[in-house]
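Have a look at the structure below before the remarks.
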Amino acid sequence: MSYNPKETEEKWQKYWEEKRLYQAEDPVPYGKPAGPKKYILVEFPYPSGDGLHVGHVRSYTALDAISRKKRMEGFNVLFPMGWDAFGLPTENYAIKKGIHPSQATEKNIFNFRRQLKSMGFSFDWSREVNTTDPKYYKWTQWIFLKLFEKGLAYQSEMPINWCPSCKIGLANEEVVGGKCERCGTPAEKKNLKQWMIKITAYADRLIEDLKELDFPEKVKTQQINWIGKSYGAEIDFKIENSEDSIKVFTTRADTLFGVTAVVLAPESPLAEKLITQENKKKAEKYIEEAKRKSDFEREEEEKEKTGVFTGSYCVNPVNGEKVPVWIGDYVVASYGGGAVMMVPAHDYRDYDFAKKYGLGIREVVSGGDILEEAFVDYGVLKNSGRFDGLSSKEAIEKITEWLQKKRLGGKKVHYKLRDWVFSRQHYWGEPIPIIHCQKCGMVPVPEKELPIELPYVEKYQPTGTGESPLSVIENWVKIKCPKCGGEAKRETDTMPNWAGSNWYYMRYCDPENDKELADKKKLEYWMPVDWYNGGMEHTTLHLLYSRFIYKFLFDIGVVPQSEPYKKRTSHGMVLAEDGRKMSKSFGNVINPDTVVNEYGADTLRLYEMFMGPFGQAIAWNTQGVRGIYRFIEKFANLFEETSKNKESSEEIQRELNKLNKKVTEDLEQMKFNTIISSFMEFVNLGLDKKEETGKDSLERALLLLSPFAPHLAEEFWQRLGKKSSIFEQKWPEFDPKMIQEKEIGLIVQVNGKMRDKIIVPFGISEDEAKKLAISSEKVKNWLEDKEIKKVIFVPDKLINIVV
RNA sequence: GGGCAAGUGGCGGAAUGGUAUACGCGGUAGUCUCAAAAACUACUAGUCGCAAGGCUGUGAGGGUUCGACUCCCUCCUUGCCCACCA
């Protein structure tokens, strides 16, 4: 064997590191005059105790290949790496192993870094960031202070999702199917004072600005749906014998005459107030039960709607009708004010509810049969007084206008997006830089005192009371108020995982800066990120929230544009050989170290590029890895047997140009699997025609292969006697003229079926092609006794004779 | 219930209006070997045929076209995301 990956790979990794080949150049006046830049970004990993996943390798290899090609094309490339290291998994891991989270983090990062380096990725390690480094989280806290200053960070007592097992509050995004995202325990509701971030203030801009971005449509629609903007009306239902009114949100103001009840969410503060004496027992018990039930349990009960009458009534503003007020658990507390107008005739849920509790069903839009089921489409109004005969569309407009005039309601826009619960009652996170003073209230920590470092403690287990472990460290909590000097206490909640990952890509532009989160000139040069690859699972979390934070920083003049990412792509998951998710409990995890030890990093890299379309989930196949290793051996053979030949034949050169074109173009479109197949075809052809293949072709093939198999490419490049690294070379250009063959196989069809393939000179005329086609023996049989009706000629491709 | 993808050999997949199944895996036979592994060579969608060759074939059905895996319509299946959002 003429190529031994084990020996070779480490050698070149060292060589590249010494040459500092992958360091990005800052713009003047900090660096050399910088040419055009490309900022290529992969989501930084969470350094877990499990080590690098082969899924990381897939997306990092892809973007590494792109970065390498861009450098060879002359771009000043920033391709950085760092660690998203705060958060629950490390804290849990530390508790389990009995070591401190900071030590666990250090150990895990060390391992991840070693693994990434063994893959030969071209990261600029001089810009490494770590979210748990006080020098880094100083600026995470600074961003929080700015949000607080602008009124976008606030505290609010609210029912939050609570995991009884982790003893921690969860963001809506962390509750999946009613269960805690991490441990799978059904989430409960618990009232706690929480820090909130007002992302809703940016809802419109987050939708609007998507238009300009090069994101997959799927990502855009998912974000739009998540924000969930809907246009409708807010309508006031005056409560009988009271000054108060119930505000309901509806997108179907046209059905207002069909209201036969108003239903409140059990959590609604109004609900309790409206319960009358005679309904007290029943209704209060109902509320208590409903509150105790988690969202999940409510869902599990086969969506059977339940409810209870409060005893109170309100007034339908459009016709003065007296309408009963109910409480029902099908009403979502956090949307639309937690109240709905119930129109059984024209809403499925209301229909079920009304049927169950014997409430009236009144048809006000014609078009369906409401004895059978609710009619939810638009139609023509009836039983609606002066609005009869209008179409639903017109009626929505007219009725809303009328309400607005009477000051009983009006147009209203609602969002599904809710403000972001930004506090965790945990140890392993950034302390929130706020001080609570008895006299002055909430006082922000003065900027010059940042960072507020996380105190090193022995006990970091959750308290379980809902308070963070920091709350028991008295000498840390107690502090003088920076405003009045009186007694005060530090905020003891910490920030969620997302806080550090919101802005990490800005820090790469200027990772050492102690005066600002990053220098403005550097941000102006590097931002926005030109290409950001990550997982679909981050679409409505990290990707949306970091866009919001970037917009906020733009508004306060810290960053140069309002969108951080120009282009977004996403990779598919790498599944285990059995088609399931890789998981320790299934025992089906593939460790990249094992593959690297056995076959080398290049084999793993090539395999992951070859295994299937980049955007698709795909199962691991151990035999497939062997197949790639065979390819590497074949390549080495080809090299050994042909590198002494001088010039390649015309055919080989043509195929090489085709390969050149394919790699250059498909790389941009992330069609890596077909690129690797083309290399295989080229090598197979070269081995078939050893005498025709020479040094010139090998050189170019190595350049083309170098982004994918950098070690192998460098090794053979240097074996050819080159004095500089292959990565200091220019990306090869292809010659379109060389791709054109002199003779081509023209397809001959009769009635659209292929009957023959004839060799003809390139650029043959229709007449000549026709003559040749008709005279073909095979074709003659199919034309016998038949009249030629029509001939379709596609130049240099095919000729179709219709008989 | 809503939204978005996708259905092609034994398997991963290629071809996005013009040779369907490239490339790889697996399989079969052979070479080498005391033997095995590895490697190499040939074959590998189904079907009829000694062969030449024919016919069928890209989830199902229909349509557009000289020509459809590809475009349009209806349906089925699978996957992902969202979901009592008024």
(request) Could you list all the ring-ring contact (aromatic ring centres under 6.0 Å, His included) pairs where at least one residue sits in residues 784-803 of chain A, not counting sequence neighbours? (result) none
(request) May I ask you to say whether A/R654 pairs ionically with A/E651, meaning some side-chain N is under 4.0 Å from a carboxylate O? (result) no
(message) Quick test of your reading of the model: are A/R568 and A/E217 salt-bridged, counting only N-O distances below 4.0 Å?
(response) no
(message) For the C1' atoms, the ones on B/A14 and on B/G9, what distance do you get once it is rounded to whole angstrom?
(response) 13 Å
(message) Would A/R580 pass as a cation-pi partner of A/F586, given that its NZ or CZ must be under 6.0 Å from the six-membered ring centre and within 45 degrees of the axis?
(response) yes
(request) Heavy atoms under 4.0 Å is the rule here; annotate nucleotides 61-66 of chain B 5' to 3' with B where the base is hit, S where only the sugar-phosphate is, and - elsewhere. (result) -----B
(message) Measuring only the P atom in each nucleotide, how far is B/C75 from B/G24? A whole number of Å is fine.
(response) 42 Å
(request) Go through the structure and list residues passing ring pair (Phe, Tyr, Trp, His ring centres under 6.0 Å) with A/F672, not counting sequence neighbours. (result) A/F614
(request) Please check if atom NZ in A/K220 has more than 12 non-hydrogen atoms from other residues, nucleotides or ligands closer than 6.0 Å. (result) yes
(request) Go through the structure and list residues passing ring pair (Phe, Tyr, Trp, His ring centres under 6.0 Å) with A/W620, not counting sequence neighbours. (result) A/Y607
(message) Test of understanding: with side chain to side chain donor-acceptor pair (under 3.5 Å), list the residues that count as partners of A/K661, not counting sequence neighbours.
(response) A/E665
(request) Calculate the interatomic distance between A/I676 atom CD1 and B/C23 atom C1'; express it in whole Å. (result) 11 Å
(message) Using whole Å, what does the distance between atom C1' of nucleotide B/U16 and atom CG of A/D666 come to?
(response) 14 Å
(request) Could you encode protein contacts along nucleotides 1-14 of chain B as a string, one character per nucleotide from 5' to 3', using B for base contact, S for sugar-phosphate-only contact and - for no contact, with a heavy-atom cut-off of under 4.0 Å? (result) ---S-------BSS
(request) Could you tell me which residues satisfy side chain to side chain donor-acceptor pair (under 3.5 Å) with A/N660, sequence neighbours excluded, listed by chain and number? (result) A/T664, A/R700
(message) Does A/G228 reach a base, just sugar-phosphate, or nothing at all? Heavy atoms under 4.0 Å.
(response) nothing
(message) Testing the basics here: between A/V263 and A/I327, what is the closest heavy-atom pair and its distance to 0.1 Å?
(response) CG1-C, 4.0 Å
(message) Does anything in residues 227-236 of chain A form a side chain to side chain donor-acceptor pair (under 3.5 Å)? List the pairs, not counting sequence neighbours.
(response) A/D204-A/K229, A/K229-A/Y231, A/S230-A/Y335, A/D236-A/K247
Find every protein N or O atom lying less than 3.5 Å from an N or O atom of nucleotides 37-39 of chain B, and list the pairs.
{"from": "B/A39", "atom 1": "OP1", "to": "A/R630", "atom 2": "NE", "distance (Å)": "2.7"}

Please list, for nucleotides 52-55 of chain B, all pairs of protein and nucleotide N/O atoms separated by less than 3.5 Å.
{"from": "B/C55", "atom 1": "OP1", "to": "A/R755", "atom 2": "NH2", "distance (Å)": "3.4"}
{"from": "B/C55", "atom 1": "OP2", "to": "A/R755", "atom 2": "NH1", "distance (Å)": "3.4"}

(message) Strictly by side chain to side chain donor-acceptor pair (under 3.5 Å), give each pair with a member in residues 753-772 of chain A just once, sequence neighbours left out.
(response) A/D756-A/S776
(request) With sequence neighbours excluded, tell me which residues meet ring pair (Phe, Tyr, Trp, His ring centres under 6.0 Å) with A/F610. (result) none
